[in-house]
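Heads up: the structure comes next, in structure tokens.
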Amino acid sequence: MIPIQIGDATLYCGDALGVLPQLTDVDAILTDPPYSSGGQHMSDRQADTRTKYVTSRSGNKLLADFMGDNRDQRAFYFWSTLWVGAALRAAKPGSVLCVFSDWRQLPISTDYLQAGGWVWRGIVPWVKTQARPQLGRFTAQCEYVVWGSSGHLPLDRGVGVLPGFYEYASPQQREHITQKPLGLMADLLAVAPPNSLVLDPFMGSGTTGVAAVQKGHRFIGIEWSPVIFDIACRRLEREQQNLFDAPKAAEQPGLFGEGA
Ligand SMILES: C[S@@+](CC[C@H](N)C(=O)[O-])C[C@H]1O[C@@H](n2cnc3c(N)ncnc32)[C@H](O)[C@@H]1O
């Protein structure tokens, strides 16, 4: 498959399971795969992603449905094990994998990460500052980043000390139903040593890519939906233009670049 090159970003439109075996030398993987969640029962999971994840208040009704979010629990576990295994083979020894999960899929996420051959190293909560309160229940206000390494993880990787949780509101202006905050992705990429090759096999609108490029990393992104792939290309192109224009705007900071 021929990728599209935008500056230091290499973008593939296709199935991650088909593209991952072509990749090597990855230093860090930060990704937000389809959760196949969104409800208690199988019928809830098999609804389209707009029905599951767009609330009447969120104003994102026009955003495109995304793919691969309708597996039952056994299929989700099996498929996740396949892609994390392929990701391990694409990654360098000592590289890091960070995968998003919601609370329902958290137990299976720590299982599949290890079944795929990664060393599980912890869970980092993302505290979403707003969440819908429910009478008589704890508020489900977090998503989680399950992380691990390809084998031994040296202490002196040049990344310093990292926090135990992150607090960010979900983006108000979105181009993807489950778009992650740019600042959150940039903060999480602190786990990658300088000049890393960062991979997101489920890049959606390309938030990981924009954050990676802003931090001076190289990036490989994969997205199967052509409509969403185009959105990622446009965001990466805009970011590339921003990087090009930044020196000219040095005397007027704040004019360029996507905000967090
Ligand atoms: C949860 S979204 C990622 C959103 C992203 N973090 C953002 O900020 O825009 C997961 C994406 O993975 C894509 N996807 C699902 N299955 C895939 C597969 N097998 N290969 C590549 N992409 C896939 C979906 O179309 C969806 O856009």
Side-chain angles (χ1 to χ4, degrees), residues 1 3-4 9-23 29-38 45-46 48-50 52-54 58 60 63-71 75-76 78-87 90 97-102 104-105 109 112 116 126 128 143-146 166 168-189 198-214 219-236 238-239 258-260:
M1 179 178 302
I4 287 185
T10 308
L11 308 182
Y12 292 84
C13 185
D15 180 358
L17 282 183
V19 176
L20 283 168
Q22 303 174 32
L23 307 180
I29 301 169
L30 171 57
T31 195
D32 172 28
Y35 293 171
S36 283
S37 185
R45 287 173 178 229
Q46 287 179 336
D48 63 71
T49 54
R50 270 197 298 254
K52 288 200 290 189
Y53 301 128
V54 178
S58 65
N60 288 312
L63 296 177
D65 263 318
F66 63 88
M67 302 171 72
D69 203 75
N70 51 7
R71 292 177 172 86
F76 180 71
F78 186 69
W79 171 77
S80 301
T81 305
L82 290 178
W83 80 253
V84 288
L97 169 69
C98 297
V99 190
F100 278 83
S101 173
D102 70 356
R104 283 195 178 88
Q105 299 296 48
S109 299
Y112 77 62
W126 163 34
K128 303 189 267 188
E143 289 182 36
Y144 304 91
V145 177
V146 176
Y166 294 91
Y168 275 97
S170 291
Q172 290 294 312
Q173 302 294 325
R174 291 187 216 174
E175 298 186 72
H176 189 289
I177 292 175
T178 62
Q179 190 167 323
K180 295 293 175 283
L182 182 57
L184 172 65
M185 298 317 239
D187 283 356
L188 289 167
L189 281 178
V198 173
L199 167 67
D200 185 347
F202 307 100
M203 71 173 162
S205 65
T207 313
T208 307
V210 174
V213 168
Q214 284 184 349
F219 176 69
I220 298 177
I222 310 170
E223 168 59 47
W224 206 353
S225 158
V227 174
I228 297 174
F229 180 78
D230 284 349
I231 294 171
C233 290
R234 281 203 303 277
R235 282 184 82 192
L236 266 302
R238 281 201 299 269
E239 196 51 42
E258 285 198 44

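In each ligand, atom 1 is the first atom listed, and ligand 1 is the first ligand listed.
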Stepwise, does the side-chain contact (heavy atoms from CB on, under 4.5 Å) test hold for F229 with I222?
CA-CA 8 Å; F229 180 78; I222 310 170; over 6 Å; no
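- Every residue two or more places apart in sequence or in another chain that forms a side-chain hydrogen bond (donor to acceptor under 3.5 Å, both in side chains) with S109 is listed here: S101.
- Summarising the geometry of R71 relative to S36, their closest heavy-atom pair is N-OG, 3.0 Å, with the distance given to 0.1 Å.
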W83 vs L17, side-chain contact (heavy atoms from CB on, under 4.5 Å): CA-CA, chis, key distance, verdict
CA-CA 6 Å; W83 80 253; L17 282 183; 3.9 Å; yes
Decide yes or no on side-chain contact (heavy atoms from CB on, under 4.5 Å) for Y166 and V145, but give the supporting numbers first.
CA-CA 10 Å; Y166 294 91; V145 177; over 6 Å; no
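- Ordered by chain and residue number, the residues placing a heavy atom less than 4.0 Å from ligand 1 are G14, D15, A16, D32, P33, P34, F66, M67, H176, T178, Q179, K180, P201, F202, M203, G204, S205, T207, E223, W224, I228.
- A donor atom on one side chain and an acceptor atom on the other are found under 3.5 Å apart for T207 and R235.
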